[in-house]
A.B. asks: 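One structure, as structure tokens, below. Some questions next.
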Amino acid sequence: KVEEKVAHSKELKLQYPLSWEYKIILEKEHDARLISKEVLKDRDHHVKKSQDSAKGKYSSHALHVVVNSDEDRKAIFDALKQHKKIKFVL
């Protein structure tokens, strides 16, 4: 029963629609805006550069988009993860 309570307490209780931020990390030479457009198509979104890695090989970006449901939020996360030029999604 304790495990059930812990698992239940980890579920997000969100009110949709809402603005969600994904962090995407890619090699510095790739264009985060173009990649975001490839994934999100005509969906309204905003990309802002966060920082470069210490050695300058990677850059991180904040990607803001309005999500309409838990399924929508997860589907975007999965689509970003599957893009060949994105190294990590948080």
A.B. asks: Would you say the side chain of Ile35 lies within less than 4.5 Å of the side chain of His83, judging by non-hydrogen atoms?
C.D. replies: yes
A.B. asks: Tell me whether the count of non-hydrogen atoms from other residues, nucleotides or ligands lying under 6.0 Å of CG in Asp44 goes above 12.
C.D. replies: no
A.B. asks: Between the side chains of Ser50 and Lys23, is a donor N or O closer than 3.5 angstrom to an acceptor N or O?
C.D. replies: yes
A.B. asks: Does Asp52 form a salt bridge (charged side-chain N to carboxylate O under 4.0 Å, His left out) with Lys57? I'd like the steps, not just the answer.
C.D. replies: CA-CA 7 Å; Asp52 291 331; Lys57 184 174 181 179; over 6 Å; no
A.B. asks: Hey, mind stepping through Tyr58 and Lys28 against side-chain contact (heavy atoms from CB on, under 4.5 Å) and telling me if it holds?
C.D. replies: CA-CA 5 Å; Tyr58 299 99; Lys28 193 174 178 181; over 6 Å; no
A.B. asks: How long is the straight-line distance from NE2 of His46 back to OG of Ser19, given to the nearest 0.5 Å?
C.D. replies: 10.0 Å
A.B. asks: Is Lys74 salt-bridged to Asp70, cutoff N-O under 4.0 Å?
C.D. replies: yes
A.B. asks: Could you report the tightest heavy-atom contact between His64 and Glu21, atom names first, then the distance?
C.D. replies: CE1-OE1, 2.9 Å
A.B. asks: Rounded to the nearest 0.5 Å, what's the gap from NE2 on His61 to CD1 on Ile86? Could you check?
C.D. replies: 9.5 Å
A.B. asks: Does Lys81 NZ have over 12 foreign heavy atoms under 6.0 Å away?
C.D. replies: no
A.B. asks: Identify whether Ile25 and Val47 are in the same connected component of the hydrophobic contact network (ILVMFWY, side-chain heavy atoms under 4.5 Å).
C.D. replies: no
A.B. asks: Given the rule that I, L, V, M, F, W and Y join up when any side-chain heavy atoms are under 4.5 Å apart, are Ile76 and Val89 in one cluster?
C.D. replies: yes
A.B. asks: Quick check on the hydrophobic clustering: are Ile24 and Leu40 connected, directly or via other members, by side-chain heavy-atom contacts under 4.5 Å?
C.D. replies: yes
A.B. asks: State, yes or no, whether a side-chain contact exists between Lys49 and Ser59 at a heavy-atom distance under 4.5 Å.
C.D. replies: yes
A.B. asks: Working note: Leu90 + Phe77, criterion side-chain contact (heavy atoms from CB on, under 4.5 Å); need CA distance, chi angles, decisive distance, verdict.
C.D. replies: CA-CA 8 Å; Leu90 305 171; Phe77 179 83; over 6 Å; no
A.B. asks: State plainly whether one hydrophobic cluster holds both Val65 and Leu34, where clusters connect Ile, Leu, Val, Met, Phe, Trp and Tyr through side-chain heavy atoms under 4.5 angstrom apart.
C.D. replies: no
A.B. asks: With side chains defined as the heavy atoms from C-beta onward, is the minimum distance between Arg73 and Leu14 less than 4.5 Å?
C.D. replies: yes
A.B. asks: Considering all heavy atoms of both residues, which atom of Glu27 and which atom of Lys87 are nearest to each other, and what is their separation?
C.D. replies: OE2-CE, 3.5 Å
A.B. asks: Taking a hydrophobic cluster as the set of Ile, Leu, Val, Met, Phe, Trp and Tyr residues connected by side-chain heavy atoms closer than 4.5 Å, whether directly or through intermediates, do Val66 and Tyr16 fall within one such cluster?
C.D. replies: no
A.B. asks: Can you check side-chain contact (heavy atoms from CB on, under 4.5 Å) on Tyr22 and Leu80, steps first, answer last?
C.D. replies: CA-CA 9 Å; Tyr22 300 91; Leu80 291 167; 3.9 Å; yes
A.B. asks: Under 4.0 Å between a side-chain nitrogen and a carboxylate oxygen: does that hold for Lys85 and Asp31?
C.D. replies: no
